[in-house]
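Structure first, commentary second.
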Amino acid sequence: MAINERKPKFVTDSGIEIKTTYAPINTPPETPGKFPFTRGVQGSMYRSQFWTMRQYAGFSTAQESNKRYHYLLKNGTTGLSVAFDLPTQIGYDSSHDMSDGEVGKSGVAIDSLADMEILFEGIQLQDITTSMTINASASVLLAMYIALAKKQGADLKLISGTIQNDILKEYAARGTYIYPPTQSMRLITDIFEYCSINVPKWNTISISGYHIREAGSSAVQELAFTLANGKSYVKAAIDKGLDINVFAKRLSFFFNAHNNLFEEVAKFRAARRMWANITKELGATDDSAMKLRFHTQTGGSTLTAQQPLSNIVRVSMQALSAVLGGTQSLHTNGFDEALSLPTEDAARLALRTQQIIAYESGVTETVDPLAGSYFVENLTNEIEAAAYAYIDKIDAMGGSVKAIEQGYMQDEIARSAYNYQRDIQNGDKTIIGVNKFTMEEPPFEDIFYVDDSIQIHQINSINALKAKRNNANVTAAVAKIKAVAYTNENLMPHLIHAVECYATLGEICDAMREVFGEYRPA
């Protein structure tokens, strides 16, 4: 007898067809912590240690962000994650005309080492891991962090954390780039080289699929484009003469978690297996250089301004997919982030979501709890195959830089975003509160707001800094950066010296702009 199902065809968000039932597949069982790491990068996973609960925060001034960091640490966060405002991300001081109206809005404004000192006041960098979401100006912000660690008397061999430093996804999906691709890749490999010697526990890049997904890609595209970008960074480092068995140990990844729970879990499992094989093909022989370690953030673009309390359920489900998928660190979004930066209450509830999963759900008590699921194992294989199809196309073009220059990634992401929105508009995709189960509701009143007085505060701080620093030393330090930028010498020691002289972010980035130029998409 024919069965009437709800839909003529069931598919994941990436368009992979979901069968009614699944049977075993003929693959040998894998061991967690062993190549190719499908089941996890550690043998015991969360039985030994929970993931790092790393809540992303930053807004307004360094003083205000510092208060939020202390609040999060008091409530049990186990790692910090810094959000920078748009001027900081694209290398402008708060006093620049291009910064007008954006200072402190989407993150914290950091103009100099003086701001970095305030940002981490009362926090010893040797005792905490810090992630910094910064890309085009990553080298300068890392220089400030290292300079501050030195001022605190920290052993640079012991400080740990991650700098995003992933410029390729900026060209493909996000737009906060400064320099052309070749010069940007030079800065990235300078960081690889410097940190491998001087700051060996620092993760020198977080290769990000998160923003690719936020721009509208499917899960498969997120995975494929992220790993393709990773291949490009590895090849650039090898071309610079770096040892893959050294620098690849400090590469990390950053993925999104959306609502399709099983697809997300399968994506994370496929990512580990694919990266292990990719790095092996590129010459890695050390297991640690082949392990894909990743941070996850729940999907910002999935949050709805309508019925915002429903986002608590979405975030919980997404966080669960990250944990079931074996993440090494996790940020959970506040339920109110479709409306504004999160309030303290929303930030605390987001952290509590992680803590409840960790301590109360039981899913952390065995490794890879969905392993052996006929559905998950099949879906892992299908996602892997679909992602490799994209990577093969990108390789044929000459790699990620060429694919981006030809607009291939951008076009694929735009097409996916269009199709997704079309499906919502015509009702093929249900979003609760948006196109189904809607209701009249009063405006949500508890909104976190950053006012424009922050810009005046930052400009006054810059002026005061310039009045008291040794400007001759700053001029010499910035001139040295410009001179070295024309050579193949590593820029990082000179950036650190300049920030220690209290050169501003804008002064340093402008010096490199003069040499490298600015990227203008065709």
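With a 6.0 Å radius and a threshold of 12 heavy atoms from other residues, nucleotides or ligands, Q49 has its CD atom at or below the threshold. The neighbour count for R422 CZ, taken as heavy atoms of other residues, nucleotides or ligands under 6.0 Å away, is above 12.
Using a 4.0 Å cut-off between charged side-chain N and carboxylate O, E264 and R213 make a salt bridge. Salt bridge K105/E102: absent, no basic N to carboxylate O contact under 4.0 Å. Look at D423 and K429 and you find no salt bridge, because none of the NZ, NE, NH1 or NH2 atoms lies under 4.0 Å from a carboxylate O. Taking a cutoff of 4.0 Å between a charged side-chain nitrogen and a carboxylate oxygen, E377 and R269 qualify as a salt bridge. Taking a cutoff of 4.0 Å between a charged side-chain nitrogen and a carboxylate oxygen, E384 and R273 qualify as a salt bridge.
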>> Evaluate N203 against I163 for side-chain contact (heavy atoms from CB on, under 4.5 Å), listing each step before the verdict.
In response: CA-CA 7 Å; N203 294 326; I163 194 137; over 6 Å; no
> Do Q458 and S95 pass the side-chain hydrogen bond (donor to acceptor under 3.5 Å, both in side chains) test, and can you show the C-alpha distance, the side-chain angles, and the key distance before you say yes or no?
Replying inline: CA-CA 7 Å; Q458 286 299 119; S95 54; over 6 Å; no
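The cationic group of R348 does not satisfy the cation-pi geometry with F335, failing either the under 6.0 Å distance to the six-membered ring centre or the 45° limit from the ring axis.
Ring geometry, Y145 versus F120: the interplanar angle exceeds 60°, so the pair is classed perpendicular (tilted spans 30 to 60°). Taking the six-membered ring where the residue is Trp, F255 and F253 present parallel rings, their angle staying beneath 30° rather than reaching 60°. Between Y171 and Y519, the two ring planes are perpendicular [angle over 60°; tilted spans 30° to 60°].
Formation of a donor-acceptor pair under 3.5 Å by the D111 side chain with backbone atoms of D93 is not found in this model. Checked by atom type and distance alone, the side chain of S137 pairs as donor or acceptor with a backbone atom of T88 at under 3.5 Å.
For F37 and W275, the gap between ring centers reaches or exceeds 6.0 Å. Centroid-to-centroid, the aromatic rings of F375 and F262 come within less than 6.0 Å. When ring centroids are compared, F254 and F294 stay outside the 6.0 Å threshold.
The side-chain hydrogen bond (donor to acceptor under 3.5 Å, both in side chains) check on N165 picks up nothing, with sequence neighbours excluded.
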